[in-house]
Asker: 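Handing you this structure, nothing more for now.
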Amino acid sequence: MRPLIAGNWKMHGLRADGLALARAVAAGAGDVAAELLVCPPFTLLAAIAEALSGGPVAVGAQDCHAAPKGAHTGDVSAPMVRDAGARFVILGHSERRADHGESDGLVRAKAEAAIGAGLVPIVCVGESEAQRLAGQAELVVTAQVDGSLPDGFAAAGGVVAYEPVWAIGTGRTPTEAEIAAIHAAIRSGLRTRFGAAGEGMRILYGGSVKPGNAAGILALPHVDGALVGGASLVAEDFLAIARAG
Ligand code: 13P
């Protein structure tokens, strides 16, 4: 399966530096075999989608509302995101689950809305450090996958991203064996739920992916790409991760 290397810029990027970063990623993408995706903040979606149009780097959003339109001040709908030029949308990131109290049920409704608008959802799951220490990582993650994915997820090419909460932005990662074990458990859940289609769905790893650890992580079974935070803000680092795949 062709790996997907996705950059989640989070709440970073003003117009000038965001456009420069996106252009630098596109300019260096020539020798990258992996599929590349950048997910800038909403404010830059349209400008970056336009700047990257027709090139090798796709654009995604970091969230969308579950309703297509309505009285939801400050929110952005899936059709709006699609209209701005995005093809993907990250949903249920642990920062949104924590900052905005997003539940599996809400993430599932957002994923349904995304699919309805023609977007490819990337649904994030991951255990807290306390849950891992209690030996519950696999249980927590497979339950989140079950609860957060709508039935049409496989047919829409939906992507799952495993991001242990304690590995995000900390420089710490699980061991390769621990990553492989969770990805195998997610794959098994996807097979049970979606049958043969579950085999072809991408499962990304995210959490302190850097140029130095990317090759080892991306070589693991059932790791079909990476969701990169901090290192995606430096074009050379993001491209180095993509080349490691
Ligand atoms: P870092 O790569 O900065 O750890 O962030 C990972 C992440 O949250 C991507 O969605």
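Whatever order the structure lists ligands and atoms in, that order sets their numbers, starting from 1.
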Asker: Looking only at protein heavy atoms, identify the closest one to atom 9 (C) of ligand 1 and say how far it is in Å.
Answerer: Glu163 OE2, 2.8 Å
Asker: Go through the side-chain N and O atoms of Gln62 and His93 and say whether any donor and acceptor fall under 3.5 Å apart.
Answerer: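 No pair is found: no donor N or O on one side chain lies under 3.5 Å from an acceptor on the other.
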Asker: Below 4.0 angstrom from a heavy atom of Gly207, which ligand 1 atoms are there? Numbered from 1 as shown, please.
Answerer: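 Result: 4 (O), 6 (C).
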Asker: Counting from 1, what ligand 1 atoms have a heavy atom of Gly169 closer than 4.0 Å?
Answerer: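 Near Gly169, meaning under 4.0 Å from one of its heavy atoms, ligand 1 has 1 (P), 3 (O), 4 (O).
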Asker: Verify, without hydrogens or angle tests, whether Arg82 (side chain) and Ala86 (backbone) share a donor-acceptor contact under 3.5 angstrom.
Answerer: yes
Asker: Any ion pair linking Glu129 and Arg172 (charged N to carboxylate O, less than 4.0 Å)?
Answerer: yes
Asker: I'd like to know whether CZ of Arg191 has more than 12 heavy-atom contacts from other residues, nucleotides or ligands below 6.0 angstrom.
Answerer: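 Yes.
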Asker: If you define the side chain from C-beta out and look only at heavy atoms, does anything of Ile203 sit under 4.5 Å from Arg187?
Answerer: yes
Asker: Which of these passes side chain to side chain contact (heavy atoms under 4.5 Å, CB included) with Ser94: Asp99, Val165, Val125?
Answerer: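 Testing each of Asp99, Val165, Val125 against Ser94, the sole residue satisfying side chain to side chain contact (heavy atoms under 4.5 Å, CB included) is Val165.
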Asker: Looking only at N/O atoms, are Gly229 and ligand 1 under 3.5 Å apart anywhere?
Answerer: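 N/O-N/O distance below 3.5 Å exists for this pair.
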Asker: How does Ser94 reach ligand 1, if at all, at less than 4.0 Å between non-hydrogen atoms: by side chain, backbone, both, or neither?
Answerer: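 Neither; no heavy atom under 4.0 Å.
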Asker: So for ligand 1, is Lys210 a polar contact partner (N or O within less than 3.5 Å, distance only)?
Answerer: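 No; the residue has no nitrogen or oxygen that sits under 3.5 Å from a nitrogen or oxygen of the ligand.
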Asker: Using the rule side chain to side chain contact (heavy atoms under 4.5 Å, CB included), only one of Ile48, Val32, Val38 pairs with Val57; which is it?
Answerer: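 So, applying the side chain to side chain contact (heavy atoms under 4.5 Å, CB included) to Val57 and each of Ile48, Val32, Val38, only Val38 qualifies.
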Asker: Are any of the N/O atoms in Leu227 less than 3.5 Å from those in ligand 1?
Answerer: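 Not met; the criterion fails.
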Asker: At a non-hydrogen distance cut-off of under 4.0 Å, which region of Asn8 contacts ligand 1 (side chain, backbone, both, or neither)?
Answerer: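 Near ligand 1, Asn8 shows its side chain, while the N, CA, C and O stay back.
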Asker: Does any N or O atom in His93 lie less than 3.5 angstrom from one in ligand 1, N or O only?
Answerer: yes
Asker: I want to know if ligand 1 touches Gly230 in the polar sense, i.e. an N/O pair below 3.5 angstrom.
Answerer: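 Yes; the residue has a nitrogen or oxygen that sits under 3.5 Å from a nitrogen or oxygen of the ligand.
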Asker: Going by the atom numbers of ligand 1, which of them fall below 4.0 Å from some non-hydrogen atom of Lys10?
Answerer: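 Heavy-atom distances to Lys10 below 4.0 Å select 5 (O), 6 (C), 7 (C), 8 (O).
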Asker: Report, in ascending order of atom number, the atoms of ligand 1 lying under 4.0 Å from any heavy atom of Ala167.
Answerer: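 Near Ala167, meaning under 4.0 Å from one of its heavy atoms, ligand 1 has 4 (O).
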Asker: How about Glu178: does its CD atom have over 12 heavy atoms from other parts shown lying under 6.0 Å from it?
Answerer: yes
